[in-house]
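What follows is one structure encoded as structure tokens, with my remarks underneath.
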Amino acid sequence: MRKRIKYLPLIILLFLSIGFAILSSNLSIGSSIAISNASFDVHFEDVSIYNTNINNPSVPVINSDGDTVTMNIDLDKPGDYVQISFYVVNSGTIDAELSEIIPTTLTSSESNYLVYSYQYLYHGNINVGDMLRPGQKQAIIVTYQYKYDIDNFINIDSKDISLSLKYIQPNNYDDKIWTYNFEKTYQTFKAPRAGSYKIELWGAQGGYSNAPKGGYTSGVIDLLKGDTLFVYVGERNASKSNVTTYNGGTATAGGYPGGGATDVRIVASANWKDATSLNSRIMVAGGGGGTTVLFPAAYGGGLKGGVAYLTGYESYKNDPATQTHAGVSKHSCGLVPTANFGVGGPCAGGGGGYWGGAGSALISNYPGGGGGSSYISGHTGCVAIKAIDDRSPRLGTNEILCDDDTTDIKCSYHYSGKYFTNTVMIDGGGYSWTTVKGNEIVGMPTHDGTGTMNGNSGSGYAKITYLG
């Protein structure tokens, strides 16, 4: 026997609250609130039936205040459905943050025969912390369906269903910039709100007084409220024997250690060399190579870390760290481990980096350590690893194996799916990298952003800026 379910009425409500440092109030939207020449005005617009298989459905209506959508729906038989769409619009002059989503909760018996869902029409899930910028609007779609396969359900003549979206004005945040100095442990960043964040990293300078400097990377990433990143800031250490710099390289046999890379990871470990944690890096700024007074080393950063040599002894130049392998020394000091993924080589130590720079033996006419390479997920020219447990190069467009000369941006994307836009990569010599090294020194931003410098001196540094 066919059962009839009638849901009457269906009400979608949007409530707003505005919060200030000294003022908190709740109000229904529909009127604009002006405070300090700023207005808060969020409302519904353009409600319509997006899709349905019901004949002559009623028309959804927005009330005069723009804060409530009302519609009566008759679901007569299994398979009947209605989808309505509408825009949530910010016509004010300040941001609106989605702070709470309160849908009607269906009982277990109601869930047996009713499908009730909501999402952005073009962007998927609606999340607490989503921002609606001034002048921006988001399309939302709500679906109601009488399930196809119905067995032994409880018949309900009518039911009120509501979806409440609570928007607030974000606080006048003072914490729009987070900075990280070297701490010899990872530091945690948890996004306080959804939005775009600029991340900047500076790798550490190599060991010795005038050793080569660290590289710089930056990019913009979209984060949800509560997303967590782990920041590892590289160390510079001037001690010269049997010392390993944090996130960097090792000094042995009288050499100075390479500078530590500065990176951002999505998996934390107290051991910076932990394989799973290293594999989770989504941005890396390479550290400079270690040296002594007699043996020149090379700057860190770039798609390929720097390599040094003495004039007239170019054949002794080490192979650089790249996007797919660590630097290789033409004459190591015979100690292990050699440079590897995330770790600089020994002796006159290689710089830490995406791949570590080569270390080098302290032999007359041989160079010091090489710089570590940099990496940014989303930077064309970079090459990501395949998986959390596979460091071989990933496959790019058309399943072609990625290599160091790639111009395929897909090759750069980290296995996690997290990536940056508006990327910048500058090595410790001040040269900018796209898919190749630039021809002129451009410098990198100083830590406070007020000037430029050719490479980073001292230990590394990181800065995260909320953009909105």
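Count residues from 1 along the sequence.
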Quiz item: Does the side chain to side chain contact (heavy atoms under 4.5 Å, CB included) test come out yes or no for Tyr87 and Lys137, once each step is laid out?
Solution: CA-CA 6 Å; Tyr87 284 99; Lys137 61 182 182 180; 3.7 Å; yes
Exercise. Starting from the C-alpha separation in whole Å, work towards a yes-or-no answer on side-chain hydrogen bond (donor to acceptor under 3.5 Å, both in side chains) for Asp263 and Asn247.
Key: CA-CA 9 Å; Asp263 63 60; Asn247 224 25; 2.8 Å; yes
Self-check item: Verdict with supporting geometry, Val233 and Gln187, side chain to side chain contact (heavy atoms under 4.5 Å, CB included)
Solution: CA-CA 8 Å; Val233 178; Gln187 300 167 70; 3.9 Å; yes
Practice problem: Go through the steps to decide whether Val128 and Asp130 satisfy the test side chain to side chain contact (heavy atoms under 4.5 Å, CB included), and finish with yes or no. | Solution: CA-CA 6 Å; Val128 169; Asp130 288 350; over 6 Å; no
Quiz prompt | side-chain hydrogen bond (donor to acceptor under 3.5 Å, both in side chains) evaluation trace for Thr446 with Asp448 | solution = CA-CA 5 Å; Thr446 55; Asp448 61 8; 2.8 Å; yes
Quiz item: After noting the C-alpha distance and the side-chain angles of Val307 and Asp319, does the key distance pass the side chain to side chain contact (heavy atoms under 4.5 Å, CB included) rule?
Solution: CA-CA 7 Å; Val307 289; Asp319 293 334; over 6 Å; no
Quiz item: Yes or no on ring-ring contact (aromatic ring centres under 6.0 Å, His included) for Tyr461 and Phe182, after CA distance, side-chain angles and deciding distance?
Solution: CA-CA 7 Å; Tyr461 189 77; Phe182 167 65; over 10 Å; no
Self-check item: Asp222/Tyr197 under side-chain hydrogen bond (donor to acceptor under 3.5 Å, both in side chains): CA gap, chis, key distance, verdict
Solution: CA-CA 6 Å; Asp222 291 332; Tyr197 292 80; over 6 Å; no
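No side-chain heavy atom of Ile385 sits under 4.5 Å from any side-chain heavy atom of Arg394. Within the 4.5 Å cutoff, the side chain of Ser373 has no heavy atoms near those of the Thr322 side chain. Between Ile282 and Phe420 there is a side-chain heavy-atom pair separated by less than 4.5 Å. Taking the side chain as every heavy atom from C-beta outward, Ile140 and Leu121 never approach each other to under 4.5 Å. With a 4.5 Å cut-off on side-chain heavy atoms, Ile54 and Asn56 do not count as touching.
Taking every heavy atom of both residues into account, Ser374 and Gly286 meet most closely at OG-N, 3.0 Å. Here the closest heavy-atom approach between residue Trp178 and residue Pro192 is recorded as CZ2-CG, 3.8 Å. Across Tyr180 and Ile464, no two heavy atoms sit closer than the pair CE1-CD1, 4.0 Å. Of all non-hydrogen atoms in Ile376 and Met283, the two that sit nearest each other are CG2-CE, 3.9 Å. When every heavy atom of Ala339 is checked against every heavy atom of Gly356, the shortest pair comes out as CB-O, 3.6 Å. Between Pro393 and Val383 the shortest heavy-atom distance is CB-CG1, 3.8 Å.
Around atom OH of Tyr419, no more than 12 heavy atoms belonging to other residues, nucleotides or ligands sit under 6.0 Å away. Environment of CG in Asn439: sparse, with no more than 12 heavy atoms of neighbouring residues, nucleotides or ligands closer than 6.0 Å. Other residues, nucleotides and ligands contribute more than 12 heavy atoms inside 6.0 Å of the NZ atom of Lys410. Annotation: Tyr50, atom OH; neighbour count of heavy atoms from other residues, nucleotides and ligands within 6.0 Å does not exceed 12.
Between Cys411 and Cys402, the gamma sulfurs sit within a distance below 2.5 angstrom.
The backbone N or O of Lys190 lies less than 3.5 Å from no partner atom in the side chain of Asp227, so there is not a single donor-acceptor pair. Proximity of a side-chain donor or acceptor of Ser412 to a complementary backbone N or O of Cys382 within less than 3.5 Å is not detected. Checked by atom type and distance alone, the side chain of Gln205 never pairs as donor or acceptor with a backbone atom of Lys213 at under 3.5 Å. In this structure a side-chain-to-backbone donor-acceptor pair under 3.5 Å is present from Asp404 to Gln323. Side chain of Arg193 to main chain of Glu97: no donor-acceptor pair is present (N/O by atom type, distance under 3.5 Å, no hydrogens or angles). Of the possible donor and acceptor atoms, one in the side chain of Asn53 sits under 3.5 Å from a partner among the backbone N and O of Tyr81. Under a 3.5 Å cut-off, the side chain of Ser459 and the backbone N or O of Ala204 do not form any donor-acceptor pair. Side-chain atoms of Asn90 never come within 3.5 Å of backbone atoms of Val42 as a donor-acceptor pair (strictly under, hydrogens ignored). Judged by distance alone, with hydrogens and angles left aside, the side-chain atoms of Ser117 form no donor-acceptor pair with the main-chain N or O of Val115 at under 3.5 Å.
Taking OG1 of Thr324 as the start and NZ of Lys304 as the end, the distance is 9.0 Å to the nearest 0.5 Å. Here the CG-CG distance, from Leu278 to Asn271, works out to 8.0 Å after rounding to the nearest 0.5 Å. Rounding to the nearest 0.5 angstrom, the gap separating the OH atom in Tyr232 from the OH atom in Tyr246 is 5.5 Å. Taking CD1 from Ile84 and CG from Asn51, the interatomic distance works out to 13.0 Å, rounded to the nearest 0.5 Å. The OG1 atom of Thr406 sits 9.0 Å away from the CD1 atom of Ile400 when rounded to the nearest 0.5 Å. Atom CD1 of Ile126 and atom CG of Leu165 lie 6.0 Å apart (nearest 0.5 Å).
Under the rule for a side-chain hydrogen bond (donor to acceptor under 3.5 Å, both in side chains), Thr188 has no partner lying at least two apart in sequence or in another chain. For Lys184, the salt bridge (charged side-chain N to carboxylate O under 4.0 Å, His left out) partners are Glu235, not counting sequence neighbours. Shown here are the side-chain hydrogen bond (donor to acceptor under 3.5 Å, both in side chains) partners of Lys386, two or more places apart in sequence or in another chain: there are none. For Tyr354, the ring pair (Phe, Tyr, Trp, His ring centres under 6.0 Å) partners are Phe341, Tyr375, not counting sequence neighbours.
Residues Trp272 and Tyr186 keep their aromatic ring centres 6.0 Å or farther apart. Taking the ring centroids of Trp202 and Tyr216, they lie under the 6.0 Å cut-off.
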Could you pull out every donor-acceptor pair under 3.5 Å between side chains of residues 423-435 and any protein atom, sequence neighbours left out?
residue : atom : partner : partner atom : Å
Thr423  : OG1  : His379  : ND1          : 2.8
Asp427  : OD1  : Gly429  : N            : 2.9
Asp427  : OD1  : Gly430  : N            : 3.1
Asp427  : OD1  : Tyr431  : N            : 3.0
Asp427  : OD2  : Trp433  : NE1          : 2.9

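Judged purely by distance below 3.5 Å, without hydrogens or angles, the side chains of Ser280 and Arg265 never pair a donor atom with an acceptor atom. For the residue pair Ser392 and Asp390, a side-chain donor N or O sits within less than 3.5 Å of a side-chain acceptor on the partner. Side-chain N/O atoms of Asn279 and Asp389 include no donor and acceptor closer than 3.5 Å.
Applying the salt bridge (Lys or Arg N to Asp or Glu O under 4.0 Å) test to residues at least two apart or on different chains, the pairs with a partner in residues 451-465 are Glu200-Lys463.
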